[in-house]
Structures are given as C-alpha cells and as structure tokens.
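Written out below as structure tokens is the structure these notes cover.
Counting convention: from 1, in listed order, for ligands and their atoms alike.
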Amino acid sequence: MKIIKVKAKSIFTKTGLPGSDWTINQYVGCEHNCLYCYSGFMCRWKPYGKWGTWVEVKENAPELVKGNYVRGWVWMSSVSDPYQPIEKKLKLTRRVLENMNKRIKLTVQTKSDLILRDIDLFKEFKNIEIGLTINGFEGKIKKLFEPFSSTHKERVHALKILKKNKLRTYAFISPIIPELVNVKKCIKETKNFVDYYWFEILNLRASGEEFIKALKTKFPKSYKVMANSEKFSEFLEDLKDIIKKENIKSAGIEIHFPKWKTIKV
Ligand code: SF4
C-alpha cells in the first residue's frame, strides 16, 4: 500500500451529494478496495496508481478543522473510508473528531467496526449520525467485492453497539445487486439498531469496467437484470414489496434513496 503524506489547503468541500452540504476527506483513497467503488474516478487526478493501492493522508487535517465551523451537514467521507485499516495506526480520523467543533452536524459512514473505538467522541457531538454499509456479502463474494473491510457480522454488531450507546444510526444497504443481496435479511438483522435506512441500488455505470466484467462473467443472472430495462423494472417492483412488507415505516424508521434511483414505498 502506497501511503502519500500531504498538507492540504482546506478540509471541508461543498457538495451536492444527497443528505449533505459538505464533505470531509482526511484520507483520499481506500485500502478497503471494493471492486465496485464509485470513487475510482479519483485516479484521474491522483497519479499514484490503481484505486485501492494508495492512500493519501492529509496530515494537517486535525489542524485544519480546529476553529473551523460550517453550516449544514458534513459527510465523512466521500472518497475514502474514515476507518480503513491505516486509521488504527495513524488515528487521523480520531484527531480530526477531537478537534472538530462539536456543534457541526456530522454524518460518519464506514464499512469497518473500528468505528466503535471513537464512541466517546461521537457522544460529544450535538448532531451526529453513524452509518454502516450493510449488504450481507460473505465468503467468495465478499472476497471479490469487498476484500478488506469488516465482515457482515462485525458491521451488524457495530450498529448494535452504537445504538446501545444511544447514538443516531443508519444502515446504508448498498450496493443492492439482483440475486446477490438479500435485502429482506439485511433489514431483519438491523432494524432494531437503526433510525433510518438508505437503500442504494448498484449504480452500474459508476462501478467501473473491472466490476462490470466480473459481474458479467461470474454473475451473469445479476448482470442481465441490471442491463435489461424490463427486468430491472421488475426487480425494483420486487424490492419495493420487500421493503413494504418489513413494515419499516410503521416501526418509525425513515427510508431514503439516493437521487439517482428513488422508488416509492
Ligand atoms: S469502503 Fe467505500 S471508499 Fe473504500 S473502497 Fe469501499 S466503496 Fe470505496
């Protein structure tokens, strides 16, 4: 893993991403190296090699957040995972959180149970929500799609502990792939520990050539549904039914979809 240490000029970036006004990326690049990662486009601007083989570390991020207040929601992080393995050693995310104005409205999203380490800091924030990506990938699929992140069980457990600590939590059910993600099971296993859900259907276009090739060759049934508009519409209808049947709304749990693919439930 190539580690590139840099000094950044600024740390909060304006964004049009749903649910947030700003992003913060103390890291750029990600050791989790998910095959479908939508952030691979960053390689166009960062000449360090293939996505997943490098991490840029903004060493001065903790200093940059100090005394810096922004209005609106801040999303940590959009082109990295704040709790990727290197965080265990560097504690950069932890130092950013320590120095951050605790009135900032913050969303932290990860695929790692390392997030549990910072519960003490999360509790200091007035408005904070913590999300874990949940998709149930295990075994060979996990190895292929998300080789270096926490296991499904560890992520569900993390949500449970965060909720036990009275933090606002959500499950980011993503990427929803026909035949490969059991949304019903994901909901059942998490609904006692979350305040809301994001349901994000795989964005095939953003997932990159390597992923599309893998899906096509190893999971042709899934690919066919994604690539055929009629089949895809049927799949969305089924998904709608699954979500409805789980009575999420009546249990007081909110439901969100990213702008690119919203379905009415
Ligand atoms: S954890 Fe997120 S940022 Fe990291 S590789 Fe996976 S999808 Fe990309």
- Message: With a 4.0 Å cut-off on N to O distance, would you call E138 and K153 a salt bridge?
- Response: no
- Query: So, for F211 and F145, is the gap between ring centers shorter than 6.0 Å?
  - Reply: yes
- Task: Among all protein heavy atoms, pick the one closest to atom 1 (S) of ligand 1 and tell me residue, atom and distance.
- Result: H32 ND1, 3.4 Å
- Among P82, S174, S80, whose heavy atom sits nearest atom 3 (S) of ligand 1? S80
- Query: Any idea how Y170 and Y196 line up, ring-wise: parallel (<30°), tilted (30 to 60°), or perpendicular (>60°)?
  - Reply: parallel
- Of the backbone atoms (N, CA, C, O) and the side-chain heavy atoms from C-beta on, which set of S39 has a member under 4.0 Å from an atom of ligand 1: side chain, backbone, both, or neither? neither
- Query: Quick one: does ligand 1 sit under 4.0 Å from the side chain of T133, the backbone, both or neither, non-hydrogen atoms only?
  - Reply: neither
- Taking NZ, NE, NH1 and NH2 as the nitrogens, is one of them in D118 or R94 under 4.0 Å from a carboxylate oxygen of the other? yes
- Item | Separation of C186 SG from R155 CZ (nearest 0.5 Å) | 10.0 Å
- Query: N/O/S atom of C30 under 2.8 Å from atom 6 (Fe) of ligand 1, yes or no?
  - Reply: no
- Query: Closest non-hydrogen protein atom to atom 5 (S) of ligand 1, residue and atom name please, with distance?
  - Reply: C34 N, 3.3 Å
- atom 2 (Fe) of ligand 1: the protein heavy-atom neighbour that sits closest, reported with distance to 0.1 Å: K111 NZ, 3.7 Å
- Crowded around E210 CD? As in, over 12 foreign heavy atoms under 6.0 Å? no
- Numbered atoms of ligand 1 (with element) below 4.0 Å of C37, judged on heavy atoms: 3 (S), 5 (S), 7 (S), 8 (Fe)
